[in-house]
**Q** 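Please read through the structure below; I'll follow up with questions.
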Amino acid sequence: MVVMVSPEAEGAGRLRVLDPVTSEKISDHTTADLASWIGRYEAEHQPRWVFPAAEALYPQLLEAGVRVARCHDLTLTEGILLASAGQHGSPRNPAAAWARLHGRAEPPDKPPPARNAQPALFETDQETLSLDLLVEVYRSQLGRGEGQRLLIAAESAGGLAAAEMTDHGLPWNEGVHRELLTEMLGPKPAPGARPDKLAALAARIVDAFGGHPVNPDSPASVVRAFAREGIDIASTRAWLLREVDHPAVEPLLEYKELARMWTAHGWTWLDSWVHNGRFRPDYVVGGVVSGRWATRGGAALQLPKALRKAVRSLPGWSLVVADAAQLEPRVLAALSGDQRLAEVSADVDLYASLAADSFDGDRGRAKIAMLSAMYGGTSGGAGPLLAVLRKRFPQAVGHVEQAARDGEQGFMVRSRLGRTSPRPGAQRMALMERTDEESLQKSRQAAREWGRFTRNFVVQASAADWALVLLVTLRRRLAGTAAEIVFYQHDEVLVHCPAGDAPDVSAELAAAAAEATGLVFPGTEVKFPLESSIVDCYGDAK
DNA sequence: ATCGCATGCGCC
DNA sequence: AAAGGGCGCATGCGAT
């Protein structure tokens, strides 16, 4: 069964039950308590729910204790279909989709919710759209999305998984975090003051420059200070500073590291993002053009490794941490059908295996070669290494080089499941097409840059396909158990579960990885190992 | 006072 | 001197 949902203010709503094959109306319903209605119907029928946007509706259902298994998200789907039609960035809400079908003016998307906004129990500004309109958009999407059914289903399920993860929250031990901050930075400073250790380092930096005032937070000020000492640096990037022989370098590097911890993940972050022992980021499903997720606030996908110490399971519970090993080169092997690279992928350490096959056992060089192929890099002597790779793995290298050529010519490229890259913007496209003598250089550079983007897109986006399918497959497998998926980051999943269930969860993870591989790359011989460990502390994983 | 851009670093 | 793809975020700083 398929049920269209049109939420109204104050938790009310309208619903239409549709025939799953024809999408014809079976019955209409209105209710003052949408959550309860959905909860009852879910228990009895487990339909596919059609939501205008799970992001807006599902948190309220979860708040009311209602979960659903399956949905079709009209907003997420519209985003995929628009991109597929070369219309990245158009409004993708259902009302805009309907307007497009009828040649009317398209209402813009609503601005995203305020940073770290506390979700209201029942939002009253939720746009109410008629069931007729929603059904029309749904049918249109089924037609337009014929070739991307798995991607649409996975993206929609991802929308549910994201809301559930925010609802669970990542178990966060505030005490551990505070101890770490005190250890690194000193006691929590008064408002407006710098932590002791940062102040001390700043003083050391000034000393090292002979007492001249220097603001270590200002790159320009640091560059000027070095210039006074006769040292020219192009920027204050850490990797560049490391090459400089000067007493200020060491305290500067330490300052940068600690300052980042203070400003990005210090006491202020803790107070605004961790409540009752849980960190609840807002995930933005498909927020990156490649299909990777983003987050709104909280920098959840950029947690410094040092902070993983603060992620602790509750007493009697465990964390199962799973990480796809070297996902992107495996994806390239499967995408391109390169038999030899498929054989290399049999090893959990793909780079070691690649080194043994083609680089005299030099893992570092093997890795540089592979990364250059996937990113289009040429530095670090990558050129000759790439040549070796091309000779030994012509299909794999040919695959990314074709994607690069497509991009250089302004064509779109697609991920395995059909997610589509944007076209170059009008300005870049105009530059890329210029052939006059004075612009030739810039034209070629613009084309090469876009080629690097599309080269990487096919790999990164197909890896995101695989990881998304893994996530939603795992979600389905864990439904009805006590286990909670609590974190998802590109190629990594964390599950929080009763300690006794952890081995079962690990088994489900392995099964989900195999299932994802079969769904995304049917028939491939490429191996996609998932390294998982059962721990009490995220910092102890691997 | 407020905004947008550049810088630089965190993660994958 | 730049160099390899994708992001989010805090800060500095000039423009408004």
Side-chain angles (χ1 to χ4, degrees), chain A residues 112 115-116 194 198 214-224 232-243 252-266 268-269 272-273 281-284 286-308 323-329 331-332 367-383 385-386 400 403-404 407 413 415 419 421-422 445 448-464 466-468 487-493 538:
Chain A
R115 185 178 176 280
N116 199 16
R194 227 175 349 196
L198 278 180
V214 179
N215 178 2
D217 289 321
S218 163
S221 164
V222 173
V223 169
R224 280 196 300 271
D232 270 338
I233 50 172
S235 77
T236 63
R237 290 191 155 81
W239 63 268
L240 200 59
L241 282 184
R242 271 186 260 279
E243 307 294 309
L252 258 174
L253 290 173
E254 200 179 340
Y255 183 95
K256 279 169 175 287
E257 198 183 326
L258 295 185
R260 171 138 191 113
M261 182 61 74
W262 178 45
T263 56
H265 292 100
T268 308
W269 181 90
S272 47
W273 288 102
D282 284 327
Y283 293 93
V284 185
V288 179
V289 289
S290 65
R292 280 183 172 183
W293 291 14
T295 57
R296 253 189 308 265
L301 304 185
Q302 292 106 293
L303 291 180
K305 287 195 171 169
L307 262 192
R308 293 181 181 184
D323 179 317
Q326 299 138 355
L327 179 57
E328 293 192 344
V331 163
L332 175 56
K367 188 172 175 178
I368 288 174
M370 184 55 81
L371 294 179
S372 312
M374 295 189 300
Y375 293 159
T378 53
S379 67
L385 298 177
L386 187 53
V400 282
V413 295
S415 76
R419 201 180 301 266
S421 71
Q445 188 188 330
R448 272 199 304 272
E449 281 173 9
W450 201 256
R452 278 198 297 275
F453 168 63
T454 51
R455 170 196 290 264
N456 182 251
F457 183 95
V458 294
V459 177
Q460 187 186 114
S462 300
W466 185 90
L468 178 63
F487 195 55
Y488 168 63
Q489 164 172 259
H490 310 315
D491 60 357
E492 195 177 1
V493 182
Y538 186 18

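What you see below is based on every heavy atom in this structure, not just the backbone, and it leaves out hydrogens, waters and symmetry mates. Each chain gets a letter, A, B and so on, in the order its sequence line appears, and its residues count up from 1.
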**Q** Find the distance A:Ile368:CD1 to C:dG5:P and express it as a whole number of Å.
**A**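 From A:Ile368 CD1 to C:dG5 P: 16 Å.
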
**Q** Can you pull every protein N or O that's under 3.5 Å from an N or O on nucleotides 14-16 of chain C?
**A**
none

**Q** DNA chain C: A:Thr263 or A:Ser290, which has the more 5' nearest nucleotide?
**A**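 Going by which nucleotide is closer to the 5' end, it is A:Ser290.
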
**Q** Can you check each nucleotide of nucleotides 6-12 of chain B against protein heavy atoms at under 4.0 Å and return B for base, S for sugar-phosphate only, - for none, in 5' to 3' order?
**A** -SBBBSB

**Q** For A:Ala306, what residues pass the side-chain contact (heavy atoms from CB on, under 4.5 Å) criterion, not counting sequence neighbours?
**A**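 By the side-chain contact (heavy atoms from CB on, under 4.5 Å) rule, A:Ala306 matches A:Met261.
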
**Q** Could you check how far CH2 of A:Trp269 sits from C1' of C:dC9, rounded to whole Å?
**A** 13 Å

**Q** Would you please name every residue forming a ring pair (Phe, Tyr, Trp, His ring centres under 6.0 Å) with A:Tyr538, sequence neighbours left out?
**A** none

**Q** Could you list the residues that satisfy salt bridge (Lys or Arg N to Asp or Glu O under 4.0 Å) with A:Glu449, not counting sequence neighbours?
**A**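 Salt bridge (Lys or Arg N to Asp or Glu O under 4.0 Å) list for A:Glu449, sorted by chain: A:Arg428.
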
**Q** Considering heavy-atom distances to DNA chain C, does A:Arg224 or A:Leu240 have its closest nucleotide positioned more toward the 5' end?
**A**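 Result: A:Leu240.
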
**Q** Going by salt bridge (Lys or Arg N to Asp or Glu O under 4.0 Å), name the residues that satisfy it together with A:Glu328, two or more places apart in sequence or in a different chain.
**A**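 Partners of A:Glu328 under the salt bridge (Lys or Arg N to Asp or Glu O under 4.0 Å) test: A:Arg292.
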
**Q** Below 4.5 Å, heavy atoms only, C-beta onward: do A:Phe453 and A:Val289 meet side chain to side chain?
**A**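 Yes, at least one pair of side-chain atoms sits under 4.5 Å.
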
**Q** Can you sort out the partners of A:Asp491 under salt bridge (Lys or Arg N to Asp or Glu O under 4.0 Å), two or more places apart, ordered by chain and number?
**A**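 A:Asp491: no salt bridge (Lys or Arg N to Asp or Glu O under 4.0 Å) contacts found.
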
**Q** Residues two or more places apart in sequence or in another chain: which of them pass side-chain contact (heavy atoms from CB on, under 4.5 Å) with A:Arg419?
**A**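 Expected list: A:Ile80, A:Leu151, A:Glu155, A:Ser415, A:Asp465, A:Leu468.
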
**Q** Indicate, with a heavy-atom threshold strictly under 4.0 Å, whether A:Ser218 touches base, sugar-phosphate, or nothing.
**A** sugar-phosphate

**Q** Within this structure, what is the CH2-to-C1' distance between A:Trp273 and C:dG8, rounded to whole angstrom?
**A**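 It works out to 11 Å between those atoms.
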
**Q** Could you work out, with side-chain contact (heavy atoms from CB on, under 4.5 Å) as the rule, every residue matching A:Gln326, not counting sequence neighbours?
**A** A:Pro329, A:Arg330, A:Asp349, A:Leu350, A:Tyr351, A:Arg363

**Q** Could you please name the option among C:dC7, C:dG12, C:dC9 that lies closest to any side-chain atom of A:Val288?
**A**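 Shortest atom-to-atom distance from the side chain points to C:dC7.
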
